[in-house]
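Step one of this worksheet: look at the structure below.
In this text, all values refer to a predicted model and were calculated from it rather than measured experimentally.
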Amino acid sequence: CIDSLSKTLIVPGADFSYPAACVGQNVTLTGTYTAPQGASVSSLKWEVNGNSLTGNPVTTAFGFAGAYPAKLMLEYDNGCKDTVSKTIQV
């Protein structure tokens, strides 16, 4: 007798994407995420070059060429948190 069980596991995770960034032009950052099973997002915040932003997607611009830190922070209604950080090259 052979028995087996297969189950899909959803692994929570966050990420964001953006197009190539040019000096003085708007750049749209778009967050994506997979919430833990049975949970939903209760808070979604961004920190881009030291500025706090809310919403998804968000738009910002950079006045000078360089490397700018960007972070997407999620909190779920079950208390779990997820953060992803990237450096935007302008």
Side-chain angles (χ1 to χ4, degrees):
C1 182
I2 298 175
D3 195 6
S4 66
L5 174 65
S6 178
K7 201 168 193 179
T8 301
L9 177 63
I10 298 173
V11 178
D15 197 10
F16 65 89
S17 60
Y18 53 91
C22 296
V23 173
Q25 303 219 345
N26 284 342
V27 178
T28 300
L29 287 71
T30 304
T32 56
Y33 58 89
T34 302
Q37 190 168 358
S40 59
V41 172
S42 60
S43 174
L44 185 149
K45 297 178 184 176
W46 296 86
E47 192 173 288
V48 182
N49 195 32
N51 298 310
S52 296
L53 305 167
T54 57
N56 190 36
V58 294
T59 301
T60 190
F62 303 97
F64 302 95
Y68 294 88
K71 182 171 24 176
L72 171 61
M73 299 161 286
L74 296 165
E75 190 168 332
Y76 302 98
D77 59 4
N78 67 355
C80 291
K81 295 180 182 181
D82 202 356
T83 300
V84 60
S85 298
K86 296 184 179 184
T87 301
I88 299 174
Q89 296 292 331
V90 178

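Residues Lys81 and Leu74 form no side-chain contact, since every pair of their non-hydrogen atoms from C-beta on lies 4.5 Å or further apart. For the pair Val84 and Asp82, the minimum side-chain heavy-atom distance is 4.5 Å or more.
Note on residues 52-65: pairs passing side chain to side chain donor-acceptor pair (under 3.5 Å), not counting sequence neighbours, are Thr28-Thr59. Residues in residues 42-54 take part in no salt bridge (charged side-chain N to carboxylate O under 4.0 Å, His left out) pair, two or more places apart or across chains. Residue pairs meeting the salt bridge (charged side-chain N to carboxylate O under 4.0 Å, His left out) criterion with at least one partner in residues 15-42, sequence neighbours excluded, are Asp15-Lys86.
When all heavy atoms are compared, the tightest approach of Asn26 to Ala61 is OD1-CB, 3.8 Å. What you find for Leu72 and Gly31 is that their closest heavy atoms are CD2-CA, 3.8 Å. Contact detail for Ala65 and Val23: the closest heavy-atom pair is N-CG2, 3.5 Å. The two atoms that bring Pro36 and Asn78 nearest to each other are CB-ND2, 3.8 Å, heavy atoms only.
More than 12 heavy atoms of other residues, nucleotides or ligands sit less than 6.0 Å from atom OH of Tyr18.
Linking ILVMFWY side-chain heavy atoms closer than 4.5 Å, directly or via other members, places Val58 and Tyr33 in a single hydrophobic cluster. A continuous path of hydrophobic side-chain contacts links Leu53 to Phe16 [ILVMFWY only; heavy atoms under 4.5 Å]. Tyr76 is connected to Leu44 through a chain of hydrophobic side-chain contacts under 4.5 Å among Ile, Leu, Val, Met, Phe, Trp and Tyr, so both are in one cluster.
Judged purely by atom type and a 3.5 angstrom limit, Trp46 uses its side chain to pair as donor or acceptor with the backbone of Gly55. Between the side chain of Asn49 and the main chain of Tyr68, no donor-acceptor pair closer than 3.5 Å is present. Using a distance-only test at 3.5 Å, with no hydrogens or angles considered, no donor-acceptor pair links the side chain of Thr87 to the main chain of Pro69.
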